[in-house]
Amino acid sequence: MWAYIIRRLLYSIPVYLGIILIVMAALRVNDPVNAYLGKNASPETVALKRQAMGLDEPFIVQYGRFVVRVATLNFGDPTSTDPRERFESWKYEGQPVGRKLAEAIGPSLSLTVPAMILSTLVSIIVGLLSAYFRGTLLDRSLMFLVVLGMSVSVLVFIILGQKFGGFWLPERLGVPLFASSGYEPWVKWGEGPLGLPRVSLGTWAHYCLLPVLIYVVVAMGYDSRFYRAVMVEETGRDYITTAVAKGATKKKIMFVHMLKNAMIPIITRVMITLPFLIAGSILLEYQFRIPGMGKLIIDAIREKDFPIIQTFTAVFAAVFILSNILTDVLYALVDPRVRLS
Amino acid sequence: MLRRIRRAWRSRAARRFFSNRLAAVGLVIILLYAAVGLAVLGADAVKALGERTGWFDLTRYKLLDMLTVERADEVVGPYEMRGMGLKNTPEERLRFVRTYLDEFDRATAPRVRDKEAAVARIRYGQRHAADLPPAELRKIVKEAEKLYGEVAQSDDLDADPEMLPKLEELEALTATLFAPLTGVDRVIQGYMLSLGTDRQGRSIMGRAVYSIKVAIQIGLVVAVISVLLGSLIGAAAAFFGGWVDHVVVWLYSTLSSLPDLVLLGVLVFMFTGSIFDDVTRPYLSLVPIYAAMCLTFWIGPCRVVRGEVMKIKQLEYVQAATAIGFGRLTILLRHALPNTVHLMFINFSLLFIAAIKNEVVLSFLGLGVKVGPSWGRMIQESTQQVINGFFWQIGAATVFMFVLVLAFNIVSDALQDAFDPKHVG
């Protein structure tokens with residue numbers, strides 16, 4: 001098992017080096033310093049900025065430096081006197097990229113982990129129901145609704161959800177149920193009794209529950225259609241015929257035999273959406289002003305904050321590749337037929 | 001060629017596709033959208049041609065001219081009017097009157113030297129000032145001001161039954177400032193106001209219709225290029241194997257290890273500050289979107305076609321072709337690729353949807369369409385309005401987009417069922 005994992009890790013190194021290469025090259029097609037400072041900047045400022053970022057060095061040197069930075073997870077040392085070592089964000093001067101990264105992970109995860117879990121559960125249930133009642137009115141209307149929902153832009157769900165959950169509902173109820181936007185940390189480290197973190201679920205619900213619900217509605221469309229198709233495919237298998245012949249009830253076949261066997265595609269599906277955990281529901285974070293990684297990278301692209309763009313894309317890619325490896329390992333755990341040779 | 005098309009038309013898969021009535025309806029809708037898109041494209045092109053050569057002036061052919069981008073970007077009324085002939089609230093109607101009165105007041109003010117010209121410049125879409133001397137107009141404005149003062153005194157126009165007739169009187173008086181609309185002008189103005197106006201007083205209908213062209217343009221360019229590129233690369237990788245295959249697989253697994261939206265963002269960033277990012281060159285402004293999407297979306301067809309060609313490579317007819325002595329390139333282009341055409345079609349319609357949706361998302365984030373209207377920009381501009389309870393703009397953009405994407409979803413499902421029945425998901 002460990003040998004397999006290590007082999008997979010080693011194999012993904014060239015892919016990872018490739019993505020860093022491509023991203024770094026793409027970001028340098030247009031001079032990032034010029035893009036940030038505009039055409040009217042004096043040559044001295046441009047040169048200074050370029051030097052501080054190490055952009056005056058040959059590309060291969062920059063590439064090597066950045067790979068080392070990623071490998072050692074050193075995204076800036078605020079105490080250093082060398083500007084190259086400080087690796088500051090351009091927009092937020094004085095803040096190393098590493099600090100911005102660390103700050104953004106929490107909000108992202110507190111939005112996406114619950115969203116992920118909840119939406120997977122709901123979609124599997126809808127998919128199962130739809131497959132169980134295949135061909136009936138329930139199945140058809142569910143699938144019709146799903147196609148309708150898929151054809152509406154995600155943005156519409158987000159904007160209308162924000163309007164009704166964040167403005168209309170609190171106004172109606174007279175209680176500030178959901179925040180219309182914003183974020184506050186809901187886990188305060190070392191502030192609770194005995195040095196434990198103090199957790200305030202109310203704060204979490206206030207800021208994150210509404211986006212989570214919107215995410216579930218949006219994701220349900222895509223996921224439940226997929227899960228239904230998986231289940232429907234499983235119904236044609238021989239083991240189902242065997243189970244029917246042996247007199248198992250339809251319910252038992254559905255939820256015990258089939259669900260177990262459908263685990264592989266389900267795991268794949270969940271793992272494919274895992275990188276989303278970090279990339280975040282970029283749009284949700286953006287619209288609800290939750291300072292997660294998704295919002296940060298979009299803001300960085302808009303503000304042309306080059307160090308942040310480069311670092312965050314590298315981190316996203318790393319997460320994606322790691323989750324791919326995790327998928328394969330999980331396969332082996334779920335399905336003994338998958339040999340790790 | 002014709003025989004081939006006829007054979008394809010009569011094939012089992014095609015029959016299966018057209019026997020699905022829903023899919024046929026979807027196809028008709030798509031064709032309708034395409035026709036509108038084409039008309040808009042044509043109007044823009046003809047107008048540009050007319051302006052360049054000076055042979056003719058499209059503004060004289062108003063029914064065609066109303067589709068152009070200039071009309072879509074033009075102010076046709078006060079901001080946030082409701083559509084479909086619905087009346088706004090009395091407060092808002094008072095605000096509309098205010099807008100008109102201010103406009104005329106400014107044009108006929110004593111310090112304005114050329115009042116005739118200033119009045120002639122007043123335009124709300126097809127509406128323009130009445131054919132009266134400025135002094136006359138100023139008199140009407142003064143009269144209306146008096147009435148306005150009375151109506152504006154009321155704290156709550158809705159609850160004040162006396163004020164409503166007065167408001168109507170005021171509106172009628174203000175209307176005499178404008179020349180009455182006749183014939184085509186009236187039809188066009190009605191069409192422009194049929195879905196209300198946005199925050200800047202531009203026609204929501206005009207913008208939504210113009211956006212059809214933008215969406216279809218982006219969808220078509222991106223889907224065609226990425227399907228062709230992806231299929232060729234995928235087929236070549238499968239057919240030649242060896243290092244070609246390794247490089248292709250490495251390339252697409254590398255590119256797909258970034259979330260689509262992040263990759264699109266980075267690729268769009270690539271173009272910032274270049275000539276494609278220049279407002280004075282609007283015809284180039286879509287190039288970054290095309291490039292970013294094509295570089296992101298070729299992966300899908302590439303994977304699928306690569307898998308299919310791997311399978312086809314083992315089939316007897318390919319071996320037979322090899323035995324006869326055809327070259328590898330001939331076999332690839334004449335025998336292997338044509339047998340993946342159904343996959344290309346399915347991928348085309350999937351990518352078309354993806355392109356339209358991503359355009360909207362990118363424009364919403366401020367990274368997409370920057371010049372001219374698009375559904376994404378309309379949705380982005382409407383966020384503040386939605387909070388204030390004005391839904392016409394987001395509604396129009398959503399419905400226009402919804403119908404097209406739904407039609408494409410249905411068609412691509414039907415294509416999937418007809419050509420690739422074994423596919424899951």
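Just so it is clear, the model here is predicted, and its values are computed rather than measured. Chain letters run A, B, ... following the sequence lines, proteins first and then strands; every chain starts at 1.
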Sub-4.5 Å side-chain heavy-atom contact between [X] and [Y]:
X: B/Phe391; Y: A/Leu160; answer: yes
X: A/Ile282; Y: B/Val262; answer: yes
X: B/Leu258; Y: A/Val23; answer: yes

How about OH on A/Tyr11, more than 12 heavy atoms from neighbouring residues, nucleotides or ligands closer than 6.0 Å, or not? no
Should the heavy atoms of other residues, nucleotides or ligands under 6.0 Å from CE of A/Met150 be counted, would the total exceed 12? yes
Specify which of A/Val156, A/Asn34, A/Leu21 makes the most heavy-atom pairs with chain B at under 4.5 Å. A/Val156
Once rounded to the nearest 0.5 Å, what's the spacing between atom [atom1] of [X] and atom [atom2] of [Y]?
X: B/Met401; Y: A/Leu155; atom1: CE; atom2: CG; value: 7.5 Å
X: A/Ser180; Y: B/Ile387; atom1: OG; atom2: CD1; value: 7.0 Å
X: A/Phe157; Y: B/Thr398; atom1: CZ; atom2: OG1; value: 10.0 Å
X: B/Ile356; Y: A/Ser153; atom1: CD1; atom2: OG; value: 11.5 Å

What part of [X] is in contact with chain A, defined as an atom under 4.5 angstrom from a non-hydrogen atom: side chain, backbone, both or neither?
X: B/Phe408; value: neither
X: B/Leu367; value: side chain
X: B/Leu251; value: side chain
X: B/Ile394; value: side chain

Taking B/Trp250 for its side chain and A/Pro14 for its backbone only, find out whether a donor-acceptor pair lies under 3.5 Å. yes
Side-chain (A/Arg302) to main-chain (B/Leu365) donor-acceptor, under 3.5 angstrom: yes
Using non-hydrogen atoms and a 4.5 Å limit, figure out which bit of [X] sits close to chain B: side chain, backbone, both or neither.
X: A/Ala35; value: side chain
X: A/Ile22; value: side chain
X: A/Tyr227; value: neither
X: A/Leu148; value: both
X: A/Ile298; value: side chain
X: A/Ile159; value: both
X: A/Gln287; value: side chain
X: A/Tyr16; value: neither

For the student: nearest non-hydrogen atoms of A/Gly18 and B/Thr254, plus distance: C-CG2, 3.5 Å
Measure across A/Ser151 and B/Asn409 and return the closest heavy-atom pair with its distance rounded to 0.1 Å. OG-ND2, 3.1 Å
Run through A/Ile309, A/Val29, A/Asn30 and flag the one making a side chain to side chain contact (heavy atoms under 4.5 Å, CB included) with B/Phe269. A/Ile309
Which of A/Asn324, A/Val15, A/Ile19 passes side chain to side chain contact (heavy atoms under 4.5 Å, CB included) with B/Ser253? It is A/Val15
Quick one: of B/Ala407, B/Gly366, B/Ser256, who has the most non-hydrogen atom pairs under 4.5 Å with chain A? B/Ser256
Relative to the ring of B/Phe364, is the ring of A/Tyr286 parallel (under 30°), tilted (30 to 60°) or perpendicular (over 60°)? perpendicular
